[in-house]
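Everything on this sheet refers to the single structure shown next.
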Number of protein chains: 2
Amino acid sequence: MTSGLPGRLLDDLGPAIVTGKYPAGAVLRTEELERAFRVSRTVVREALRVLEAMRLVSSRRRVGITVLPRTDWNLYDPRVIRWRLDGPDRAGQLRSLTELRSATEPVAAALAAARATPEQAGALTALAVQLRSSTHDLDAFLVHDIAFHRVLLIASGNDMFAQLGDVVDAVLTGRTHHHLMPQTPKPEAVRLHVEVAEAIAAGDPARAEAAMRAIVTEVLDVLPGT
Amino acid sequence: MTSGLPGRLLDDLGPAIVTGKYPAGAVLRTEELERAFRVSRTVVREALRVLEAMRLVSSRRRVGITVLPRTDWNLYDPRVIRWRLDGPDRAGQLRSLTELRSATEPVAAALAAARATPEQAGALTALAVQLRSSTHDLDAFLVHDIAFHRVLLIASGNDMFAQLGDVVDAVLTGRTHHHLMPQTPKPEAVRLHVEVAEAIAAGDPARAEAAMRAIVTEVLDVLPGT
DNA sequence: GAAACTCAAAAGTAGTACTTATTCAAGAGG
DNA sequence: CCTCTTGAATAAGTACTACTTTTGAGTTTC
């Protein structure tokens, strides 16, 4: 559902809920939404059905569509993640995601060392080499960095880790936009990426985990408000 | 959307997709679903809209509703998690979730040590004491164990970790059903829970993380097929 | 054999009618 | 005056029809 009128309505209502324009407890009416967004009842119902599935709202007859508190939301839904990143508390959401990332990537590295295919290990090594070669070009560095982490998460052999590739993308891209990335990548960070790749190629989970832990520890340390 | 005809249709189609009854590439037609499930077009469209938002299917005019490959799915959607746990590869899904858990809980413990409120720290200590007192009653032990981990995840102050409480619930409950839980909880595991609670109460992130890591390492070690 | 055209297939959107669930206000009784 | 019952209004749920739009496949033409 990325197109069509229900999708467009979703992309209006979702952010409005997530950013607090419609706070928890607020009650929406399907008829009012029809008028406000100039769409038919079918379109409104379909968009609301999706919001309900994301646990952003709850629908009851005679009552209306009630906005739910944040503790009910499906926070891992890619749309919810995006809406929160586009909202006023972007820094908070980046921190949340960074902490999640700091938890998952070391374990993913260890699993990758145990499970990566030769192709995956080779791709990681190649990407680490490219990282080293592109420290002078921040955009190119970012592209390779994101690719490195994505391949690693896939190589972990756990598809739930693999899906966090989008989270890593959002975090790394967000760091750059927030000027949280150093102007020139630290040699130590690059070295650690190379070490992770080497440890995975060598099938050494403990070493891969330790190196990746060092990478994400440095990331956490530079977060504001830690 | 937990009730109503769209919800019921969702709970039929979702598992059918997730378990491969409708494999990737299969094309569904709204009209056929209307006939097969004896519901109106509105109901079918609403259920499909939700499946589309979960990235289980993709809809295009003239083409139909195409089932997407697993790499597209929103694997963190609570329904997708449940459908996979209820499917034939339950053990694989439990392993996936256990690995995710093993990654996140140590970091959550460290964050909780830094951020827990006195109430949360107190609740963890109380729950650890109850764990120690209920080793003779496996059901009671499970209840307290789940509660312990839930409170800890909430105490981490990261709502994405907090949401994984359901994952921990599913994993711990699943372990019991799989007879993967020891008949009598190991004293060492209980001791570690107490140590986690003490470390959090003392505001010692490193100690909390290490103790929790020992807990989840033991859990990973007893997984079949590791 | 490739490009253009046509049409059938299937979803998308609008709107109406009727049903069902639920809440709230009013009235009755103690 | 408070509590319980009843009825009606409110709002969503479901079915259905009509029309539009998109898209792919088959046919025709060059």
Side-chain angles (χ1 to χ4, degrees), chain A residues 1-17 21-69 72-74 79, chain B residues 1-17 21-69 72-74 79:
Chain A
M1 184 204 250
T2 52
S3 63
L5 291 176
R8 287 164 69 174
L9 183 51
L10 193 64
D11 280 335
D12 267 319
L13 290 175
I17 291 168
K21 182 178 172 187
Y22 297 124
V27 179
L28 313 176
R29 302 282 201 279
T30 52
E31 209 167 323
E32 287 173 12
L33 295 171
E34 284 173 50
R35 281 198 290 271
F37 292 93
R38 289 180 168 70
V39 289
S40 76
R41 198 152 169 260
T42 305
V43 168
V44 169
R45 285 185 62 77
E46 290 183 8
L48 289 177
R49 201 58 69 207
V50 173
L51 288 172
E52 198 178 3
M54 291 175 174
R55 304 292 298 140
L56 295 187
V57 299
S58 166
S59 170
R60 285 179 73 178
R61 304 189 205 203
R62 172 64 179 80
V63 175
I65 317 298
T66 309
V67 177
L68 295 171
D72 285 24
W73 301 352
N74 291 350
R79 283 188 167 80
Chain B
M1 183 204 255
T2 52
S3 63
L5 290 176
R8 288 164 70 177
L9 183 52
L10 194 66
D11 281 334
D12 267 319
L13 290 174
I17 292 168
K21 181 179 174 187
Y22 298 122
V27 179
L28 313 175
R29 302 286 200 277
T30 52
E31 208 167 326
E32 288 174 12
L33 295 171
E34 285 174 51
R35 281 199 288 272
F37 291 92
R38 291 180 168 69
V39 288
S40 75
R41 197 154 168 257
T42 306
V43 168
V44 170
R45 286 185 60 80
E46 290 183 7
L48 289 176
R49 201 58 69 206
V50 173
L51 288 171
E52 198 178 2
M54 290 176 175
R55 304 291 300 140
L56 296 186
V57 299
S58 166
S59 170
R60 286 180 73 173
R61 305 189 206 202
R62 171 65 178 81
V63 175
I65 317 297
T66 310
V67 178
L68 296 170
D72 284 24
W73 301 351
N74 290 350
R79 283 187 167 80

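Lettering of chains follows the sequences in order, A, B, ..., and the numbering in each one begins at 1. Since this is a predicted model, take the numbers as computed values, not measurements.
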* Structure fact -> Rounded to whole Å, CG of A:L9 lies from P of C:dG12 at a distance of 15 Å

* Reckon B:L48 touches a base, only the sugar-phosphate, or nothing at all at heavy-atom distances under 4.0 Å? -> nothing

* Asked: Using the C1' atoms of the five pairs at each end, what is the angle between the end axes of the helix from C:dG1-D:dC30 to C:dG30-D:dC1, to 10°?
  -> 10°

* To do: Hey, could you give me the CG/OG1 distance between B:D72 and B:T66, rounded to the nearest 0.5 Å?
  => 11.5 Å

* Structure fact -> When rounded to the nearest 0.5 Å, the distance separating CD1 of A:I65 from CG of A:L56 is 12.5 Å

* Asked: Passes side chain to side chain contact (heavy atoms under 4.5 Å, CB included), A:L13 versus A:L33? Steps please.
  -> CA-CA 10 Å; A:L13 290 175; A:L33 295 171; 4.0 Å; yes

* To do: Would you mind classifying the nucleic acid contact of A:R45 as base, sugar-phosphate or nothing, using non-hydrogen atoms under 4.0 angstrom?
  => base

* Considering only side-chain heavy atoms of B:R62, which listed nucleotide, C:dT22, C:dG12, C:dA8, is closest? -> C:dA8

* Spacing of B:R49 atom CZ relative to C:dA11 atom P, expressed in whole Å -> 11 Å

* Quick one: which residue pairs count as a side-chain hydrogen bond (donor to acceptor under 3.5 Å, both in side chains) with a foot in residues 26-42 of chain B, not counting sequence neighbours? => none

* In whole angstroms, how far is the P atom of C:dA10 from the CZ atom of B:R35? -> 10 Å

* Asked: B:L5 has an atom CG; how far is it from atom P of C:dT20, in whole Å?
  -> 12 Å

* Classify the nucleic acid contact of A:R41 as base, sugar-phosphate or nothing, counting any heavy atom under 4.0 Å across all strands shown. => base

* **Nearest-0.5 Å distance, CG of residue A:L48 to CG of residue A:L9** => 7.0 Å

* Whole angstrom value for the distance that separates C1' of C:dA11 from CG of B:L28 -> 13 Å

* Asked: Between B:E31 (CD) and C:dA8 (C1'), how many Å, whole number?
  -> 13 Å

* Structure fact -> Outermost contacting nts on DNA chain D, any atom under 4.0 Å from chain B heavy atoms, listed 5' then 3', are D:dT14 to D:dA25

* Once you round to the nearest 0.5 Å, how far does CZ of B:R79 lie from CE of B:M54? -> 5.0 Å

* To do: Indicate yes or no: does A:E52 engage A:R49 in a salt bridge with an N to O separation below 4.0 Å.
  => yes

* Asked: Where do B:F37 and B:L5 land on the side chain to side chain contact (heavy atoms under 4.5 Å, CB included) test, with the steps shown first?
  -> CA-CA 10 Å; B:F37 291 92; B:L5 290 176; over 6 Å; no

* Asked: Taking for each residue the nucleotide of DNA chain C with the nearest heavy atom, is it B:I65 or A:V63 whose nucleotide lies nearer the 5' end?
  -> B:I65

* Distance below 4.0 Å between A:R60 side-chain N/O and C:dT23 OP1 or OP2 -> yes

* Asked: Between the base of C:dT22 and the side chain of A:R61, is there a donor-acceptor distance below 3.5 Å?
  -> no

* Value rounded to 0.5 Å, distance of CG in B:D12 from CD1 in B:I17 -> 11.0 Å

* Closest-nucleotide ordering on DNA chain D, the 5'-leading residue of A:S59 and A:T42 -> A:S59

